[in-house]
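Scroll down for the structure; my scribbles are underneath it.
The analysis underlying the following values was restricted to heavy atoms, covering all of them including side chains, and did not include hydrogens, waters or symmetry mates. Lettering follows sequence order; numbering is per chain, from 1.
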Amino acid sequence: MEGLVLYNTRTRSKQAFAPIEAGHARLYTCGPTVYAAPHIGNLRSNLFADLLKRALQLEGLRVTQVINVTDVGHLTDDADAGEDKIEQAAARSGKSVAEIADLYTAQWLADRERTQCLPPEVICKATDHIDEQIEMVRILEAKGYSYRIDDGIYFDTARFPGYADFARLNLEGQESGARIGDVPGKRNPSDFALWKFPDPDGGKRLQEWDSPWGRGFPGWHLECSAMSSKYLGEQFDIHTGGVDHIAVHHSNEIAQSECCYDVHPWVAFWLHNEFLDLRGEKMSKSKGNVTVLDDLIAAGYPALAFRYFFLQAHYRQQQVFSDEAMEAAATGYDRLVGVAAEVRDADGDIDPAKLTPFRERFQQAVRDDLNAPRALATAWEVARSGDLAPAECWALLREFDAFLGLDLEHAEPRRSASESDPRIDALVEQRQAARAAKDFAESDRIRDELAAEGVVIEDTPDGPRWRRA
RNA sequence: GGCGGCGUAGCCAAGUGGUAAGGCACGGGACUGCAAAUCCCUGAUCCCCGGUUCGAAUCCGGGCGCCGCCUCCA
């Protein structure tokens, strides 16, 4: 079995992964635009990148992961027009741009932590790297890749012959599709802004900087090019993002980076996660019809139940999210945690030969383009295997959890959650007394009464316990 | 108009040439005073039609259906 194999969007094929620098994988993950709370679709992207990071670590690689925080320049409509989303959110809420950015950055970090995403080595904000972005535009300009129009400094995609290659774009086909509201003066429809000038009719922007071309702000695509190469080098191993970024954002990043640094390929591997399928209800932060992690938690699901849900489908496949599917995932997660809780303190001898087949199957799944569903299925085979001693079962589950990230070491199953409340405890005791007296009408009445207020009684060999449903 | 993906049991889904992983639900059983919780058992020939092949869910062609990208979006 060779090592890790990853599907590379750049070559449209699975390829064996080998880092440019031996023993060290350099990974850039397109991060959030912090103008709203991340929804569960955004979360899927984070979870996917985390899975990748864990798989790289399991290969024994040191991983440097950089994630950007977009806090300027992400416009609402066209890539070249429209309002800045962050400024819009600030105006709406009466908060400052920095407050908005800080608020949602914190929310994003909290969601990552709650779903066991490993912290990145570097988190970088676009507004902290304005100089680097300006420098890049300067170089591109010096090399003749840019031109100036009223609206800003633009990248001339015609100067980069390979522009259409990455996304396999049919530029002519696109041109025939009428494009409305284009920026006057652009030479090609695919040209994009490197540096934007404030809209003369749009009032003063909250975020502007001086540049060799005057006041303005960086084009959205620029930050990823500038920051990734600042922290990872002019060529690095892997760049991740959602499939929606392939055609525009990543094509543009590649164009400006390869022209700026004179490299090819700028990034060796490009990995993209598919979207959650909301049954036609497209979820996007700009539309407001979003489900966020806190919604799931309010519905009674542990945050990691969503991670479990995510693991059930391959990252390159659209995954249908529904209440029913989420409920099923939560039940499955709870039961797996239940098994872990039973075996994790087990002592006893471990026969390595018994572990090998499961271990191999698991590794094979991980190495085959991060096949989490198969990896998870292997964990279940272990959990339900009658042949493994508890200590052996735990040895495997613990090992697998380094990839799955389900906190099997600490998570507690719901069934062991036992609450305490003087009033309810008293009712439960009354029920016990009735049962002892074989007055089942009374004991069932008490149980029903508690059930009506959402309290579930579970009878165990050690006596009853209760919890809120 | 251009580009891409998908269609596998009630649901979420693995599987890309040799007779269909896993989870959830349903049903059956154990346990229970009865339940709940828990544990065990049980189900599909893979959207339709045609073709290639000794052999196809898996390859090719044609349908039908769904989702997405090309413009902010994970």
If you check the [X] side chain, which of [options] turns out closest?
X        : options                : result
A:Asp277 : B:rC69, B:rC67, B:rU71 : B:rC67
A:Asp444 : B:rC72, B:rA36, B:rC34 : B:rC34
A:Arg431 : B:rA14, B:rA74, B:rC34 : B:rC34
A:Phe440 : B:rG33, B:rA74, B:rC69 : B:rG33
A:Ala313 : B:rA25, B:rA74, B:rA14 : B:rA14
A:Tyr308 : B:rU71, B:rG23, B:rC12 : B:rG23
A:Gln319 : B:rC12, B:rC72, B:rG10 : B:rC12
A:Arg374 : B:rA36, B:rC12, B:rG15 : B:rG15
A:Gln317 : B:rG33, B:rA74, B:rC6  : B:rC6

Could you check which nucleotide pairs with [N] in any of the strands shown, counting Watson-Crick or G-U wobble with both distances under 3.5 Å?
N      : value
B:rU53 : none
B:rC11 : B:rG23
B:rC46 : none
B:rC3  : B:rG68
B:rU58 : none
B:rU38 : B:rA30

Nearest-Å distance for atom pair [atom1]/[atom2], residues [X] and [N]:
X        : N      : atom1 : atom2 : result
A:Gln312 : B:rC24 : CD    : P     : 9 Å
A:Glu274 : B:rC12 : CD    : P     : 16 Å
A:Arg447 : B:rC34 : CZ    : C1'   : 6 Å
A:Tyr315 : B:rC6  : OH    : P     : 14 Å
A:Arg435 : B:rA36 : CZ    : C1'   : 11 Å
A:Arg307 : B:rC12 : CZ    : P     : 23 Å
A:Asp448 : B:rA36 : CG    : P     : 13 Å
A:Tyr163 : B:rG2  : OH    : P     : 20 Å

Quiz item: Should A:Arg335 be listed as having a side-chain N or O under 4.0 Å from OP1 or OP2 of B:rU38?
Solution: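 Answer yes for this pair, as a side-chain N or O of A:Arg335 is under 4.0 Å from OP1 or OP2.
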Exercise. Report yes if a side-chain nitrogen or oxygen of A:Asn371 is closer than 4.0 Å to either non-bridging phosphate oxygen (OP1 or OP2) of B:rG15; otherwise report no.
Key: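 Answer yes for this pair, as a side-chain N or O of A:Asn371 is under 4.0 Å from OP1 or OP2.
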When the [atom1] atoms of [N] and [M] are considered, how many whole Å apart are they?
N      : M      : atom1 : result
B:rG17 : B:rA56 : P     : 14 Å
B:rG22 : B:rG61 : P     : 33 Å
B:rA37 : B:rC31 : C1'   : 11 Å
B:rG10 : B:rG50 : P     : 24 Å
B:rU71 : B:rC64 : P     : 28 Å
B:rC24 : B:rG62 : C1'   : 37 Å
B:rG63 : B:rC54 : C1'   : 29 Å
B:rC26 : B:rC59 : P     : 35 Å

For [Y], is there an ion pair with [X] - N to carboxylate O distance below 4.0 angstrom?
X        : Y        : value
A:Asp50  : A:Arg112 : no
A:Glu399 : A:Arg359 : yes
A:Asp111 : A:Arg114 : yes
A:Glu121 : A:Lys53  : yes
A:Glu412 : A:Arg344 : yes

Quiz item: Do the rings of A:Phe160 and A:Tyr163 sit parallel, tilted or perpendicular, given the 30° and 60° boundaries?
Solution: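 Perpendicular.
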Practice problem: Determine the interplanar angle of the A:Trp270 and A:His250 rings, folded into 0 to 90°, and report it as parallel if under 30°, tilted if 30 to 60°, perpendicular if over 60°. | Solution: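 Ring orientation, 0 to 90° scale: tilted.
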When we call it a touch if two heavy atoms are under 4.0 Å apart, what does [X] touch: a base, just sugar-phosphate, or nothing?
X        : result
A:Arg384 : sugar-phosphate
A:His272 : nothing
A:Glu327 : nothing
A:Phe48  : nothing
A:Thr460 : nothing
A:Ala325 : sugar-phosphate

Exercise. Tell me, yes or no, whether the heavy-atom count around A:Glu113 atom CD, taken from other residues, nucleotides or ligands under 6.0 Å, exceeds 12.
Key: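 Check fails, neighbour count at 12 or below.
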Exercise. Give a yes or no on whether a donor-acceptor pair under 3.5 Å exists between the nucleobase atoms of B:rA74, that is its base, and the side chain of A:Asn46.
Key: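 Side chain to base: no pair present.
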Self-check item: Heavy-atom donor-acceptor pair, A:Arg414 side-chain to B:rA37 base, under 3.5 Å
Solution: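 There is none.
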Practice problem: Assess A:Arg316 against A:Tyr7: is NZ or CZ under 6.0 Å from the centre of the six-membered ring, and within 45 degrees of the ring's axis? | Solution: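 Yes, a cation-pi geometry.
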Practice problem: Starting from the 5' end of RNA chain B, give me the residue, A:Trp380 or A:Gln318, whose nearest nucleotide shows up first. | Solution: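 Result of the comparison: A:Trp380.
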Quiz prompt | Residue closer to the 5' end of RNA chain B, A:Glu342 versus A:Gly31 (nearest nucleotide) | solution =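 First, find each residue's nearest nucleotide; the 5'-ward one identifies A:Glu342.
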